Amino acid sequence: MRCLLSSKCKENALLAVLMYVEMMCNDLDLDKYTYPLVLKACVQLRELRYGRFVHAHVIKNGYALDLYVVNNLMRLYCVCGCVGSVRKVFDRTPVRDLVSWTILIQGYVDNGYMKEGVDLFFEMIDDGLRADERMMVVVISACAKLGDLKLGRELHEYVWSRKLNFDVFLGNALVDMYLKCGERDVALDVFREMPMRNVISWNTLISGLAQRREFKQALSAFNEMQDQGVKPDENTLVAVLNCCSNLGALEVGKWVHTYIDRNRIRVAGFVGNALVDMYAKCGSMDDALRVFRSMSTKDVFSYTSVIVGLATHGKARMALNFFYKMLEIGIQPNEVTFVGVLTACSHGGLVEEGDKLFADMWRVHKLKPRIEHYGCMVDLLGRAGLINEAMEFVENMPIEPDASIWGSILAACSIEGKVELAQHVTEKLVDRESEKDGTYILMSNTYASVSKWRDALEVRKVMKRQKIKKVPGCSSIELDGVVSEFRRRDKAHPRSKDIYAMVEQLTLHLTGTEALSDGSESCMI
DNA sequence: GTAGGGTTAG
């Protein structure tokens with residue numbers, strides 16, 4: 001049985017469980033060495049039914065006080081999501097060791113009860129027990145999920161004061177914790193000081209940076225990882241592709257694709273979906289479709305990526321065809337799929353079809369429309385010039401319209417030049433969130449669209465008086481795998497002079513009007 | 001008994 005379990009493969013674990021059944025049939029009793037093995041097999045299979053049976057057997061045969069047996073029993077309930085049972089077994093055991101506490105706490109943490117897990121940790125410390133490295137890894141990762149920096153520092157301090165061994169697990173947990181608690185620089189310090197790093201350390205760093213939306217930094221971490229000769233795994237590639245999607249870094253994305261092909265990594269699941277999404281977001285819809293078609297298994301994510309991609313590329317009909325195809329082969333759409341579908345209708349001017357699909361969301365697919373979906377509908381009506389219908393829709397919404405809904409209305413007003421309605425909406429918006437710059441910009445643009453320049457200027461003055469600044473938009477381009485970000489009036493790039501000279505030439509070429517020398521276009525505000 | 005995953009959103 002021990003040999004079977006050492007392979008960590010499910011088939012062998014199943015064989016181990018069958019051996020147990022065979023022993024039972026032959027009236028062979030298990031001892032304190034065999035029970036833990038059977039329980040470990042159940043853990044590997046997440047087999048709760050047999051596990052409970054073994055549990056009853058353990059009690060009957062008087063092994064309920066054997067620590068090794070009990071800990072494995074707790075572990076089984078832990079992976080099966082039965083926190084209550086973990087606790088019960090723990091409470092019934094008079095003698096507990098550090099392992100029992102660790103399994104108990106992890107049981108809480110893994111099943112989403114982070115706070116309770118941390119509380120138990122302090123209860124244990126109060127009991128006079130000293131935590132070891134493994135225990136600290138569990139608690140620190142719980143703290144990362146909580147995003148509680150104060151607690152994180154306290155735990156790090158504990159690691160210091162007890163002079164615990166700073167191994168790769170502890171290092172990874174700390175890096176993750178600091179990244180999730182908003183302390184990027186501390187995380188980087190810990191990362192640099194780690195005596196040992198593995199692929200998980202790098203993945204923690206890269207995906208942690210990506211989650212902070214620091215995609216450029218994430219890509220440089222990836223470059224550094226390669227310089228140091230660490231081989232990326234599938235998780236690394238998915239995280240890197242995600243960065244590419246957000247940056248529009250097509251060249252890096254293509255490089256990853258080549259790497260995937262060269263290393264014979266299967267283009268399916270997360271990797272395939274991330275590739276499709278990357279190509280779609282980087283503007284290479286043909287490549288996105290090619291990857292999509294090559295995938296052996298497709299799920300709701302694959303279809304959603306393609307639908308959203310086509311919708312944003314203005315291929316409304318094609319996006320909808322993919323949607324209907326998806327239904328045909330029996331893949332259930334989710335909320336995000338509908339964001340894509342409704343966006344397609346909105347961009348394609350398909351009011352009637354959009355209306356019907358919106359109704360189908362709940363009627364057919366039992367998906368409750370969220371604020372995003374209502375936003376899409378307002379956008380759909382607004383873009384089609386049906387402002388009154390859009391207003392009516394907003395007034396009859398079962399949920400409170402948010403700023404983005406009113407933003408859609410304002411955007412429509414600005415296109416159609418509906419000044420009175422825009423004024424009415426702006427007043428509502430200003431009441432709610434006065435610091436938002438977009439409201440004022442749209443109002444000003446509405447005035448400008450009907451040539452009311454003086455009013456437009458007045459809005460701008462109000463902004464100045466209330467010290468509201470327009471948050472500058474940011475664009476980025478990628479050249480030779482290096483991503484450069486640009487803001488308006490930005491002169492940070494080493495070749496900014498050349499860049500602006502080129503912008504001027506291009507503008508002259510395209511429109512016959514001169515670009516302003518500071519690089520901003522001559523726009524309304 | 002220990003760490004990271006992670007794709008979809010105008």
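Naming convention: chains lettered A, B, ... in sequence-line order (proteins, then strands); numbering from 1 in each chain. Note that the structure is predicted; figures quoted are calculated from it, not measured.
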For this session: Classify the angle between the aromatic ring planes of His365(A) and Phe338(A) as parallel (below 30°), tilted (30 to 60°) or perpendicular (above 60°).
Result: tilted

Problem set entry | Under 4.0 angstrom between Ser302(A) side-chain N/O and dT7(B) OP1 or OP2 | no

Exercise. Which of these nucleotides, dG6(B), dG1(B), dA3(B), is closest to any side-chain atom of Ile200(A)?
Worked result: dA3(B)

For this session: Could you check how far CZ of Phe323(A) sits from C1' of dT8(B), rounded to whole Å?
Result: 14 Å

For this session: Indicate, with a heavy-atom threshold strictly under 4.0 Å, whether Val336(A) touches base, sugar-phosphate, or nothing.
Result: base

For this session: From the options dG1(B), dA9(B), dT8(B), select the nucleotide whose nearest atom is closest to the side chain of Lys40(A).
Result: dG1(B)

Exercise. Would you call Phe169(A) stacked on dT2(B), i.e. ring centres under 5.5 Å apart with the planes less than 30° off parallel?
Worked result: yes

For this session: Looking at every strand, decide which applies to Glu372(A) at a 4.0 Å heavy-atom threshold: base, sugar-phosphate, or nothing.
Result: base

For this session: Would you verify whether the NZ or CZ of Arg197(A) falls within 45 degrees of the ring axis of Phe191(A) while also being under 6.0 Å from that six-membered ring's centre?
Result: yes

Problem set entry | Phe270(A), nearest nucleotide to its side chain (from dT7(B), dT8(B), dG1(B)) | dT7(B)

Exercise. Have Asn273(A) and Asp299(A) got a donor and an acceptor in their side chains that come within less than 3.5 Å?
Worked result: yes

Exercise. Contact class for Ala239(A) vs. all strands (heavy atom < 4.0 Å): base, sugar-phosphate, or nothing?
Worked result: sugar-phosphate

Problem set entry | Side-chain N,O (Lys145(A)) to OP1/OP2 (dA3(B)) below 4.0 Å | no

Exercise. Across the strands shown, which category fits Thr204(A) at heavy-atom distances under 4.0 angstrom: base, sugar-phosphate, nothing?
Worked result: sugar-phosphate

Problem set entry | Spacing of Leu170(A) atom CG relative to dG1(B) atom C1', expressed in whole Å | 15 Å

Problem set entry | Touch class at under 4.0 angstrom, heavy-atom based, for Asp379(A) against every strand present | base

Exercise. Once you round it to whole Å, what is the distance between C1' of dT8(B) and CG of Leu241(A)?
Worked result: 15 Å

Problem set entry | Ring centers of Phe322(A), Phe292(A) separated by less than 6.0 Å | yes

Exercise. Taking the side chain of Val137(A) as its heavy atoms from C-beta onward, which of dG1(B), dT8(B), dA3(B) lies nearest to it?
Worked result: dA3(B)

Exercise. Is any side-chain nitrogen or oxygen of Arg96(A) closer than 4.0 Å to OP1 or OP2 of dG1(B)?
Worked result: no

Exercise. Checking side-chain contact (heavy atoms from CB on, under 4.5 Å) against Ile103(A), which of Asn71(A), Leu73(A), Asn72(A) comes through?
Worked result: Asn71(A)

Exercise. Looking only at side chains, do Asp233(A) and Thr236(A) share a donor and an acceptor under 3.5 Å apart?
Worked result: yes

Exercise. What is the distance, rounded to the nearest whole Å, between atom CG of Asn242(A) and atom P of dT7(B)?
Worked result: 5 Å

Exercise. Atom CZ of Arg213(A) and atom P of dG6(B): how far apart are they, to the nearest Å?
Worked result: 14 Å

Exercise. Taking the side chain of Ser141(A) as heavy atoms from C-beta outward, which of dG6(B), dG1(B), dA3(B) is closest to it?
Worked result: dA3(B)

Exercise. Rounded to whole angstroms, how far apart are CG on Leu275(A) and C1' on dG6(B)?
Worked result: 14 Å

Exercise. Is there a donor and acceptor pair closer than 3.5 Å between the side chain of Asn273(A) and the base of dT7(B)?
Worked result: yes

Problem set entry | Protein-nucleotide distance (Phe215(A), atom CZ; dG6(B), atom P), rounded to Å | 11 Å

For this session: Measure from CG on Leu120(A) to P on dG1(B) and round the result to the nearest Å.
Result: 20 Å

Exercise. From the list dG1(B), dT8(B), dG6(B), which nucleotide is the closest neighbour of the side chain of Gln211(A)?
Worked result: dG6(B)

For this session: Could you check whether Ser346(A) gets within reach of a base, just the sugar-phosphate, or nothing at all, counting any heavy atom under 4.0 Å?
Result: nothing

Exercise. Can a side chain N or O of Lys281(A) be found less than 4.0 Å away from OP1 or OP2 on dT7(B)?
Worked result: no

Problem set entry | Asn172(A) versus Ser201(A), side-chain donor and acceptor atoms under 3.5 Å | yes

For this session: Describe the nucleic acid contact of Asn71(A) in one word from base, sugar-phosphate, nothing, applying a heavy-atom distance below 4.0 Å.
Result: nothing

